[in-house]
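First comes the structure, then the notes that go with it.
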Amino acid sequence: MTERAAVKAALKTQAVETPSWAYGNSGTRFKVFAQQGVPRTPQEKLDDAAKVHEFTGVAPTVALHIPWDKVDDYAALARHAEERGLRLGAVNSNTFQDDDYRLGSVCHPDAAVRRKAVDHLLECVDIMDATGSRDLKLWFADGTNYPGQDDIRARQDRLAEALAEVYDRLGDDQRMLLEYKLFEPAFYATDVPDWGTAYAHCLKLGPKAQVVVDTGHHAPGTNIEFIVATLLREGKLGGFDFNSRFYADDDLMVGAADPFQLFRIMYEVVRGGGLSGEVAFMLDQCHNVESKIPAILRSVMNVQEATAKALLVDRPALAEAQRTGDVLGANAVLMDAFSTDVRPLLREVREEMGLDPDPMAAYARSGWAEKIVAERVGGEQAGWGA
């Protein structure tokens, strides 16, 4: 197989999971902006997700968020997905939108609140059983705002206890993916603030616990690709939440702020064997002012472009430059790959997959946007509230 054919084959098998919540209304902490045609039910979210997969060919799974996607029959929801060529992906828990969690959830000083939070996490595993989902994704808003507000070490003990109980409930083919975030909404000490804290808990739990890297959850200047390389080396990179940010928060389209960073991350993924299927490539984005489906299409395409460039790195030439200490030569190998216009290559890939070479234009011509605006009238639109 030629190098070009190998790159094409890898791109055809890549899968990007889209998040159900990205199809609903979202906004800032100040305002949620409603759009016409936004889904009103989890089923309508899947209908939109099916369009993203139809036009990209690489978005076969959809992540759920509980209780935002709560239904009476999860097996039926899984069938709804299958009928549209999709599967249900990661189940995301929610321990941050209940008044009881004002001082934390699994790290709360009150045992009754901790019990409530853990029971919710166990409910999410039950849902995974019904949907056939592999991954339970955990992000905790737990933390403190003031020095002395709570015992930092005790909160870590509570976190470990909760994670252990949920870990023991997982099936043989299920995983726990632990996410971290530098800050927000806790402004003094966040209980899972960085990859080291997440890694330490996952290492103690066992092989079914792995770390999620949200690309927007780091301090400015953080070398995210170093984190990725290290977690891959240790076999502890469970997945990504792809997005980007310019300032404090995340959830902008992946690659929007720094496409070169996304390329560097994807190079480490390729270098570390992360395209094998064990690492979950998930989007975690909130499209506040842009149209939902086109924004998700663009995000998937951004991941594809970064991956294509990473696959085009001349690794033998790079290794030789590194071995001989050719600093500028080594950098030039990476820069040559990043500067390559991979859009013609990706158009070829899509055509070979029986797809329109331009997903954005194909969606615009499909009439789906007009159809959902006309049909989704009345009812309550989906959204995370504010």
Side-chain angles (χ1 to χ4, degrees), residues 1-19 22-23 46-63 81-87 89 240 242 253-256 259-260 262-263 265-267 269-271 273-277 279-283 285 287 290-315 334-372:
M1 183 183 291
T2 66
E3 179 184 359
R4 185 179 181 85
V7 170
K8 284 185 175 182
L11 291 170
K12 290 174 184 176
T13 58
Q14 186 179 27
V16 180
E17 183 163 298
T18 68
Y23 297 97
L46 293 174
D47 294 344
D48 286 355
K51 291 299 172 182
V52 174
H53 185 45
E54 176 184 339
F55 294 116
T56 64
V58 295
T61 59
V62 181
E82 290 169 8
E83 290 166 359
R84 286 148 184 79
L86 301 172
R87 300 187 311 276
F240 286 96
F242 278 132
M253 286 167 41
V254 59
F260 185 46
L262 181 60
F263 160 75
I265 290 170
M266 290 310 303
Y267 172 71
V269 170
V270 171
R271 163 71 177 81
L275 291 182
S276 64
V279 177
F281 298 102
M282 300 173 281
L283 302 181
Q285 301 173 180
H287 306 291
E290 65 271 37
S291 298
K292 312 299 182 180
I293 299 174
I296 298 170
L297 285 168
R298 176 57 65 190
S299 294
V300 172
M301 293 167 67
N302 287 350
V303 174
Q304 287 182 294
E305 290 183 17
T307 305
K309 292 180 178 185
L311 288 164
L312 289 174
V313 172
D314 188 339
R315 291 173 62 184
L334 282 182
M335 295 308 298
D336 285 346
F338 177 67
S339 299
T340 302
D341 185 357
V342 296
R343 292 173 297 177
L345 174 65
L346 283 164
R347 283 195 288 268
E348 288 181 26
V349 167
R350 295 184 185 112
E351 287 176 335
E352 292 173 9
M353 295 173 67
L355 304 171
D356 190 291
D358 186 343
M360 297 288 286
Y363 174 73
R365 291 194 305 269
S366 72
W368 184 256
E370 294 79 11
K371 174 182 170 65
I372 58 179

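Keep in mind that the numbers below use all heavy atoms, side chains included, and drop hydrogens, waters and symmetry copies. Because the structure is a prediction, the values reported are computed rather than measured.
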Q: Determine whether Val342 and Leu312 make a side-chain contact, defined as any pair of heavy atoms from C-beta on separated by less than 4.5 Å.
A: yes
Q: Looking only at non-hydrogen atoms, find the nearest pair between Leu86 and Ala59 and report the distance.
A: CD2-O, 3.7 Å
Q.
Glu348: which residues meet the side-chain hydrogen bond (donor to acceptor under 3.5 Å, both in side chains) condition with it, sequence neighbours left out?
A. Arg4, Lys8
Q.
Working to the nearest 0.5 angstrom, can you tell me the gap between Asp47 CG and Ile293 CD1?
A. 9.5 Å
(Q) Between Gln304 and Val349, is there a side-chain heavy-atom distance shorter than 4.5 Å? (A) no
Q. Shortest non-hydrogen contact from Val62 to Ala49?
A. CG2-CB, 3.4 Å
Q | Close side-chain approach of Asp356 and Tyr363, heavy atoms under 4.5 Å | A | no
**Q.** Heavy-atom side-chain proximity of Glu54 to Arg84 below 4.5 angstrom
**A.** no
Q.
Taking side-chain hydrogen bond (donor to acceptor under 3.5 Å, both in side chains) as the definition, give me every residue that meets it alongside Arg343, ordered by chain and number, with sequence neighbours left out.
A. Asp341
Q: Rounded to the nearest 0.5 Å, what's the gap from OG1 on Thr18 to OH on Tyr23? Could you check?
A: 3.0 Å
(Q) Using every non-hydrogen atom in the two residues, find where Asn302 and Val254 come nearest and quote the distance to one decimal. (A) ND2-O, 2.9 Å
Q: Only one of Glu17, His53, Arg87 passes side-chain hydrogen bond (donor to acceptor under 3.5 Å, both in side chains) with Thr61; say which it is.
A: Glu17
Q | Closest approach of Leu334 to Phe263 (non-hydrogen atoms, all atoms of both residues) | A | O-CZ, 3.6 Å
Q.
Test side chain to side chain contact (heavy atoms under 4.5 Å, CB included) on Val269 and Val279; report intermediate values, then the result.
A. CA-CA 9 Å; Val269 170; Val279 177; 5.6 Å; no
Q. Do Pro359 and Met301 have side-chain heavy atoms sitting under 4.5 Å apart?
A. yes
**Q.** Straight-line distance of Leu297 CG to Lys51 NZ, nearest 0.5 Å
**A.** 11.0 Å
Q. For the residue pair Phe55 and Ala362, what are the closest heavy atoms and their distance?
A. CD2-CB, 3.6 Å
Q) Can you find a pair of side-chain heavy atoms, one from Val7 and one from Leu11, that are under 4.5 Å apart? A) yes
Q.
Taking the side chain as everything from C-beta on, heavy atoms only, tell me whether Leu275 gets closer than 4.5 Å to Thr307.
A. yes
Q: Indicate the ring-plane relationship of Phe281 and Phe242, choosing parallel, tilted or perpendicular according to the 30° and 60° boundaries.
A: parallel
Q: Kindly compute the distance separating CE (Met253) from CD (Gln285), expressed to the nearest 0.5 Å.
A: 7.0 Å
Q | Beyond-backbone contact of Val313 with Val270, side-chain heavy atoms, under 4.5 angstrom | A | no
Q: Output yes when a side-chain donor or acceptor of Thr13 lies under 3.5 Å from a complementary backbone atom of Ala10, and no otherwise.
A: yes
(Q) I'd like to know whether NZ of Lys12 has more than 12 heavy-atom contacts from other residues, nucleotides or ligands below 6.0 angstrom. (A) yes
**Q.** For Ser299 against Leu283, the heavy-atom pair lying closest together
**A.** CB-CD1, 3.8 Å
Q.
Ring of Phe338, cation from Lys309 - is the NZ or CZ under 6.0 Å from the centre and inside 45° of the axis?
A. yes
Q) Taking everything shown except Arg271 itself, do over 12 heavy atoms lie less than 6.0 Å from its CZ? A) no
Q: Rounded to the nearest 0.5 Å, what's the gap from CG on Leu346 to CD on Glu305? Could you check?
A: 6.0 Å
